[in-house]
Each structure stands twice: as structure tokens, then as C-alpha cells.
Asks: 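For reference, the structure I am asking about is given below.
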Amino acid sequence: MECRADTTVAVALWENGIRHLSHSHKYGNHRGLTCARGHCTACLMRVDGIPNVRTCELPIQDGMKIEKQDAGAFYAPPMQKMLSIGGRLFPVGFYYKWFTKPVPVSRLFLDTIRPLTGVGRLPEKTHLPELPAAPEGDDPGTAPATDLGRIDTLIIGAGPAGLEQALEASGQLLVVDDHAQPGGQRYLTLKELNGPDGPNLDRFPVLAAAWRKLDPLVQRFQAERGTDFRGGAKAIAGYAPSGILLKDQNTLLTATFGRLVWSAGALDTLGLFPGNDTPGLIGPRALYRLLTRDGMDVQNKRVLLVGSGLDLWLSAAVLAHRGAVVSLVVTGSGWQSEVSAAVDLGWQLTTGLQLAEVKPLGHNRIEAVFTPGRTSPGPADSQLRLQADFAVICQRGKPTYDIPYQLGADMVNQPARGGFTSPEPEVELSGGSTIAFHGEAAGLLPVDMATLSPTSEIP
């Protein structure tokens, strides 16, 4: 197939009408592009004979051979159907590794069930690079060149919360973000809308205020501390008491810190409803990456946006700017100014409903079923069905918490803050190092909405 250059494998497939990239290991349900940041397994495919490749981050290259992971043994499809039908008979938390004794039974069980997963086939070839010979005289005990040493203040996440902390930091500083430039997950999208070819952001006061708050912060950071920024890098593990493992492109880096500022933001959440794993459903953070990083083509696509908050309006504005036909279902409170702008622009807009189910329509379209919300005057059994090429579910994100937990911080599930967060804003670790939590990683909303728009909310 023909693909655009300078994009990822997953987006190239999406634009060629291929949404089904993988499948659920247990039930065989279709899975597709979801997070667009290498944090889930929905886009795992076999690339040039290598299994389990995250295609959402893999740049497209001419001549690649892309395959769906094999379905395993010949009995896998009917067995998956049986599991899907009889799944309710299994207790919650059922795990196949319970079958560990006796050993012959365990081996027989594993040999039988592994082919059901479809990920057990080994690579066709190793693709291991040829390692250069070590120069003579090198001390094998010498520390690796990738060790960054001790850093006074290490900041993970260069969104507004991380940049504010960076500008106040003293001593040696390192700011790490998986985006190529500072500003966070929404910065490039806001920048595009504020550009000379963008729409008039004055008609969206909340978006305009967010830009006026974020852009000066980015400009000041680049002028004062820009040399302390490492873009395109990820924090992938923490080691107590103060060790961090980073990945910069294909290089692993190690560092220790005196103070870790955890401002890594939040992950998209799609909510709990039938069909929430249907290919064609993404969150706003994934959308921003797919548009600004990968250049995904949405011209004339019908896109359904469901939810509320800043991300709903930012997603709608950038999609409309890129030529998509947008329909909004505002499930929470909204701002009167933004609603008025949507009406003026001719966007289809509905309020007072809640998302009940999503169903696939063929390979490249979806149908979302809505029912009246608690405050809606409509009949309780009424339904609204909306069809679209894909949908963006905009709701509060889930704070990232894995590395602070690995370092020994107590993380508590706080639903009011979106998920697992620290009950304390700053935690002292063994050895005297500390972790400070800021921004969405601390369970805070992306911006202080009360300061952004003087207009009243609507139910």
C-alpha cells in the first residue's frame, strides 16, 4: 500500500482503512490505535518478522512488512468464541497461572492455552545489531557512558506544572519530556490554533486564556533554562531510593536525583461502557499527538466528541480547523461562551445525554448510543444513535503514578482526583531524596478553570 512519509505505522494503516491492529488475548475482540504514546498494547503488531512492536511510535519506512499477530493454533478462534460466551462463569480475578501444580498438568495447560494469545510466535530473525569490539585496556568495571550522574532537581514532564517548577529550581537541573519541545501535551495544538492560519481563538475564551497562560511560560523557560531540557526522552523505571532509568531514542540513560518533580501528566481514560475497546475510540491526548506529531488526515471525516472540559473544546477546535465535520455531545458542565461559539460555527451539539454503548459499523465507522442523563427531561428508555468515522472521548485523565510507586511513595486511589495519587504533595524517600507532585500527575485539572473564563457554566 502507499503511505505518507513522516508518520507512524499505526497512522499509515489508519489512513489506509485498517483500524484492527491487534486483538484481546482472552476473548479475541478487535483492538486498535488507542493511546498513541506507547503506553498500552492495543497497537502491537508483527513488523518485519518481529512480534509485539508498538506501531503507534514506529516511523514508517519503505518496504516494511506489517502483519497482525497470528491467531495462534487452529483451535484458537472457536476457543475464543467459547470463552467470550462462557466468560461470566469464571470468577473475578481468574488467572490461568493458578494451574501450577502438579507440574505435568501445568505444562499441559500452558502449552494448550498459550497459542490462544496469538503473541507466542518468536521473531523470524533476531535483528540484533553487531556490537563493536571493546577497545583494549578498557576497565570492564568502568561506569557506563550513559550515566548522567546525580542531578539536584530532576523534572519529569515539561507541561505548565513542570516548567513552573523548573523556573524556580536551583542547582543542576534536568527536565525530561517525551515531546520534542517543552509545553506539554496541549501546547502544539494550541500553538496551531493560535497561528496565522488558525481560527480566531477570541471566540473561545477558555482556549485563548489557556494559550496566554502557557506560551509565555514556554518562552521564558527556553530563554532561561532551555539547555536543561531533554526532549524526546521517557522515564521508564525508578529504583529506590533515588535512581531513574530514562530512554532517549534508542539509548538508555541512568541518573540519581536529590529532588524529583513528578509532573508527568495524565493518561486518557475512555470510561466504562460496552464497546469501550472498539477500534476508532481515542482520547484527546492521543488525538493531539496523532494530529501534530503524525499528521493524521481527518479532512472531511465525521468525528464525534463526547465529554466536557478544556479538552473537549480544544479537540473540537483543532479537528474543525483540520477540515473534519464535528459533532459534540456535552455530558458535563460547559462554558456558555464556548457553546455559543459552537452554535455560531454550525457544529452539531447535544447536551443532557450520557454515553451508553459504542458499536462498530464495518471496519471504519462506529455508532454511539446515548441515553438521557439524570437531569434530562427525556423518557428514560429513549435513545439517540450517532454515527461517525471515529470518536474522541474527553473526560478527566488518569494521573500517572508508576515511577513514584516504584521509588517507594505511597499512592492512594482517590477517585475525586482521577486515580492513584499521593496523599501528600511532597514525599521524603529513604536516603534523603524527595518527590514532589504537581499538575495532572497530582490529580489536578489541566488548568485552573475558574481563572480562565468569566462566563457562567451551563448544566
Side-chain angles (χ1 to χ4, degrees), residues 31 34-42 54 56 92-95 153-162 164-165 175-179 184-186 233-247 257 259-273 276-277 281-286 288-289 307-311 331-332 393-431 433-449:
R31 296 283 171 83
T34 301
C35 76
R37 63 189 300 182
H39 206 278
C40 71
T41 60
R54 283 182 164 86
C56 73
V92 175
F94 171 79
Y95 192 40
T153 302
L154 174 60
I155 299 179
I156 306 300
E164 288 174 348
Q165 291 297 305
V175 181
V176 176
D177 197 286
D178 60 347
H179 287 86
Q185 303 192 70
R186 302 170 180 87
K234 291 183 177 182
I236 59 176
Y239 300 93
S242 60
I244 287 287
L245 179 64
L246 307 172
K247 183 180 180 182
F257 59 85
R259 183 171 186 260
L260 173 67
V261 177
W262 186 250
S263 56
L267 304 173
D268 285 325
T269 58
L270 302 184
L272 299 176
F273 52 86
N276 66 352
D277 61 349
L281 294 187
I282 59 175
R285 296 162 185 82
Y288 305 148
R289 292 169 184 262
S308 61
L310 175 71
D311 285 315
T331 59
I393 311 299
C394 303
Q395 61 178 16
R396 185 171 196 157
K398 177 177 68 175
T400 54
Y401 67 90
D402 46 354
I403 289 179
Y405 174 73
Q406 294 167 5
L407 291 169
D410 290 329
M411 309 300 289
V412 179
N413 186 18
Q414 303 183 69
R417 288 178 171 261
F420 281 93
T421 56
S422 172
E424 302 294 333
E426 190 154 333
V427 176
E428 184 172 349
L429 304 175
S430 59
S433 56
T434 60
I435 304 179
F437 297 86
H438 291 273
E440 288 185 276
L444 304 178
L445 291 172
V447 288
D448 183 359
M449 300 303 183

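Please read all numbers here as calculations on a predicted model, not as lab measurements.
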Asks: Rounded to the nearest 0.5 Å, how far apart are CH2 of Trp262 and CG of Asp402?
Replies: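 Result: 5.5 Å between the selected atoms.
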Asks: Taking all heavy atoms of Gly159 and all of Asp177, pick out the closest pair and write down the distance.
Replies: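 Minimum heavy-atom contact is N-OD2, 4.2 Å.
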Asks: Of the non-hydrogen atoms in Ile435 and Pro404, which two are nearest, and what is the gap between them?
Replies: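 Of all heavy-atom pairs spanning Ile435 and Pro404, the closest is CD1-CA, 4.1 Å.
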Asks: So do Ser263 and Ile155 actually touch side chain to side chain, heavy atoms under 4.5 Å?
Replies: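 Yes, their side chains come closer than 4.5 Å.
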Asks: May I have all residue pairs that pass salt bridge (Lys or Arg N to Asp or Glu O under 4.0 Å) and include part of residues 410-430, sequence neighbours excluded?
Replies: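 Salt bridge (Lys or Arg N to Asp or Glu O under 4.0 Å) check on residues 410-430 returns Arg259-Glu426.
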Asks: Please name the pair of heavy atoms, one in Met411 and one in Tyr405, separated by the smallest distance, quoted to 0.1 Å.
Replies: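 Scanning both residues, the minimum pair turns out to be CG-CB, 4.0 Å.
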Asks: Answer yes or no: does atom NZ of Lys234 have more than 12 heavy-atom neighbours from other residues, nucleotides or ligands under 6.0 Å?
Replies: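 More than 12 within 6.0 Å, yes.
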Asks: In sequence, state the C-alpha distance, the side-chain angles, and the governing distance for Ile403 and Ile156, and then conclude on side-chain contact (heavy atoms from CB on, under 4.5 Å).
Replies: CA-CA 10 Å; Ile403 289 179; Ile156 306 300; 6.0 Å; no
Asks: Which heavy-atom pair separates Tyr288 from Gln185 by the least distance, and what is that distance?
Replies: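 Between these two residues, the closest heavy atoms are CD1-O, 3.5 Å.
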Asks: Asp268 versus Ile282: any side-chain heavy-atom pair under 4.5 Å?
Replies: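 No. Closest side-chain heavy atoms not under 4.5 Å.
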Asks: Measure the OG1-CD distance between Thr400 and Glu440 for me, rounded to the nearest 0.5 Å.
Replies: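 Answer for the OG1-CD pair, Thr400 versus Glu440, is 9.0 Å.
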Asks: Are the side chain of Ser433 and the backbone N or O of Phe257 linked by a donor-acceptor pair below 3.5 Å?
Replies: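 Judged by distance alone, no pair lies under 3.5 Å.
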Asks: Minimum heavy-atom separation for Ala441 and Ala264, please, with both atom names.
Replies: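 So the minimum-distance heavy-atom pair works out to CB-N, 3.8 Å.
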Asks: On a heavy-atom basis, which atom in Gly397 and which in Pro399 lie closest, and how many Å separate them?
Replies: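 Minimum heavy-atom contact is O-CD, 3.6 Å.
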Asks: To the nearest 0.5 angstrom, please state how far the OG1 atom of Thr153 sits from the CD atom of Gln165.
Replies: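 One gets 9.0 Å once the value is rounded to the nearest 0.5 Å.
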Asks: Does Thr269 reach the main-chain N or O of Arg396 with its side chain, forming a donor-acceptor pair under 3.5 Å?
Replies: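 Yes, because the side chain of Thr269 sits within donor-acceptor range (under 3.5 Å) of the backbone of Arg396.
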Asks: Counting only heavy atoms not in Phe273 (residues, nucleotides, ligands), do more than 12 fall under 6.0 Å from its CZ?
Replies: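 For Phe273, atom CZ is crowded (more than 12 foreign heavy atoms under 6.0 Å).
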Asks: Return yes if some donor-acceptor pair links the side-chain N/O of Asp311 with the main-chain N/O of Cys394 below 3.5 Å, else return no.
Replies: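 No, because the side chain of Asp311 does not come within donor-acceptor range (under 3.5 Å) of the backbone of Cys394.
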Asks: Who are the salt bridge (Lys or Arg N to Asp or Glu O under 4.0 Å) partners of Arg289, not counting sequence neighbours?
Replies: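 Partners of Arg289 by the salt bridge (Lys or Arg N to Asp or Glu O under 4.0 Å) criterion, ordered by chain and then number, come out as Asp178.
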Asks: Could you list the residues that satisfy side-chain contact (heavy atoms from CB on, under 4.5 Å) with Tyr239, not counting sequence neighbours?
Replies: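 Listed in chain order: Ala237, Leu245.
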Asks: Among Leu429, Thr434, Val427, Leu407, exactly one meets side chain to side chain contact (heavy atoms under 4.5 Å, CB included) together with Leu260. Which residue is that?
Replies: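 So the option named by the test is Leu407.
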Asks: With rounding to the nearest 0.5 angstrom, report the NE2 to CZ distance, His179 to Arg37.
Replies: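 Going from NE2 on His179 over to CZ on Arg37, the span is 7.5 Å.
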Asks: So do the side chains of Arg285 and Leu267 get within less than 4.5 Å of each other, counting heavy atoms only?
Replies: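 The answer is no, as the side chains (C-beta and beyond) never meet within the 4.5 Å cut-off.
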